Amino acid sequence: MTERTLAIVKPDGVAKNLVGEVVRRFEAAGLRVVALKMVRLDRREAEGFYHVHKERPFFPSLVDFMISGPIVPMVLEGEDAIARTRRLMGATDPAKADPGTIRRDHAASIEKNIVHGSDSPATAGFEIGYFFNALEIPPR
Ligand code: CMP
């Protein structure tokens with residue numbers, strides 16, 4: 001099924017000059033970028049994006065990290081886009097990520113892990129709407 005998902009190049013990815021490399025990997029795998037922008041979140045915006053994690057011990061540090069610099073959210077479209085994006089990213093912890101994945105090749109830690117990708121259709125709907133309004137996303 002053709003799906004859309006939200007991916008983000010996180011502040012560490014932007015700082016390491018990996019925006020193009022991350023987009024290249026998604027495109028090379030056949031995913032299509034249908035929306036993309038660079039933004040810098042404030043604390044309230046980052047807390048809202050990661051609200052499902054607000055009780056987790058890593059939440060304050062995660063929010064600090066996500067507001068430490070600009071990020072590049074994008075909407076990816078393709079067959080099975082959610083699972084395929086997550087396979088290309090690799091496991092959250094780069095030490096556990098498969099060889100050849102974005103996180104295994106580039107991430108420094110479980111927190112500074114270069115990329116984010118939606119984990120389900122419901123999450124993708126929320127996350128795409130968090131960053132992009134209707135005018136910024138092409139109709140299907
Ligand atoms: P992400 O896929 O964006 O979803 C939540 C983020 O929290 C995760 O990537 C990591 O950047 C961060 N994080 C930090 N510590 C942990 C942890 N122990 N378990 C899961 N995620 C963590």
Side-chain angles (χ1 to χ4, degrees):
M1 189 185 56
T2 300
E3 285 177 335
R4 287 177 172 177
T5 189
L6 184 90
I8 304 176
V9 184
K10 296 185 180 186
D12 56 335
V14 175
K16 289 177 168 176
N17 241 6
L18 291 171
V19 175
E21 169 63 7
V22 171
V23 173
R24 185 194 67 75
R25 287 186 185 221
F26 292 146
E27 290 184 332
L31 294 162
R32 180 163 295 276
V33 179
V34 297
L36 179 147
K37 63 173 76 169
M38 178 175 276
V39 293
R40 184 153 184 177
L41 297 180
D42 65 23
R43 185 168 299 278
R44 186 190 59 81
E45 291 164 342
E47 288 173 351
F49 180 73
Y50 278 125
H51 71 279
V52 294
H53 296 303
K54 68 176 186 295
E55 306 301 338
R56 308 284 285 275
F58 59 80
F59 183 70
S61 176
L62 172 62
V63 170
D64 282 343
F65 166 56
M66 288 301 287
I67 66 175
S68 67
I71 63 174
V72 178
M74 69 194 82
V75 180
L76 301 174
E77 183 178 273
E79 200 63 26
D80 222 4
I82 295 169
R84 282 169 60 211
T85 297
R86 291 176 70 79
R87 276 200 292 277
L88 292 166
M89 295 192 306
T92 307
D93 181 351
K96 297 181 181 146
D98 289 338
T101 59
I102 295 168
R103 285 167 169 163
R104 175 68 169 263
D105 289 349
H106 294 292
S109 69
I110 194 165
E111 177 177 270
K112 294 181 176 56
N113 64 357
I114 303 286
V115 280
H116 168 84
S118 308
D119 64 4
S120 71
T123 309
F126 165 75
E127 293 185 348
I128 290 169
Y130 205 80
F131 285 103
F132 297 94
N133 68 39
L135 290 176
E136 296 171 316
I137 307 171
R140 285 175 184 266

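Just follow the structure's listing: the first ligand is 1, and inside any ligand the first atom is 1. Note that the coordinates shown come from a computational prediction; the quantities given were computed from them, not determined experimentally. Note: hydrogens, waters and symmetry copies are ignored here, and every other heavy atom, side chains too, is used.
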Side chains of Phe131 and Val75, heavy atoms from C-beta outward: is any pair under 4.5 Å?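 Counting from C-beta outward, Phe131 and Val75 never come under 4.5 Å.
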Student check: side-chain heavy atoms of Met66 and His116 closer than 4.5 Å: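 A side-chain contact is absent here, since even the closest heavy-atom pair is not under 4.5 Å.
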Would you kindly specify which portion of Ile110 sits under 4.0 Å from ligand 1, judged on non-hydrogen atoms: side chain, backbone, both or neither?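 It is both backbone and side chain that touch ligand 1.
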I need the atoms of ligand 1 closer than 4.0 Å to a non-hydrogen atom of Arg103, numbered in the order shown.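 Those qualifying, in numeric order: 2 (O).
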Per-atom contacts, ligand 1 versus Glu111 - under 4.0 Å to a heavy atom: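 So the atoms of ligand 1 that pass are 11 (O), 14 (C).
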Residues Arg24 and Glu27 bridged, charged N to O under 4.0 Å: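 Salt bridge absent between Arg24 and Glu27.
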Of the listed options (His53, Lys112, His116), which comes nearest to atom 5 (C) of ligand 1 when hydrogens are ignored and any heavy atom counts?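 The residue whose heavy atom sits nearest atom 5 (C) of ligand 1 is His53.
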Minimum non-hydrogen distance to atom 4 (O) of ligand 1, winning option of Tyr50, Phe59, Phe58: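 Going through Tyr50, Phe59, Phe58 one by one, Tyr50 has the nearest heavy atom to atom 4 (O) of ligand 1.
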Decide salt bridge (Lys or Arg N to Asp or Glu O under 4.0 Å) for Asp64 and Arg43; before the verdict, give the C-alpha distance in whole Å, the side-chain angles of both, and the deciding distance to 0.1 Å. CA-CA 8 Å; Asp64 282 343; Arg43 185 168 299 278; 2.9 Å; yes
Could you walk me through whether Tyr130 and His51 pass the ring-ring contact (aromatic ring centres under 6.0 Å, His included) check? CA-CA 12 Å; Tyr130 205 80; His51 71 279; 8.2 Å; no
Tell me which protein heavy atom sits closest to atom 9 (O) of ligand 1, plus the residue, atom name and distance to 0.1 Å.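 Checked against all protein heavy atoms, atom 9 (O) of ligand 1 sits closest to Lys10 NZ, 3.1 Å.
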Specify the protein heavy atom at minimum distance from atom 12 (C) of ligand 1: its residue, its atom name, and the distance to 0.1 Å.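 It is Leu62 CD1, 3.7 Å.
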Less than 6.0 angstrom from the centroid, inside 45 degrees of the normal: does Lys10 satisfy that with respect to the ring of Phe65?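 Not flagged: Lys10 not positioned over aromatic ring of Phe65.
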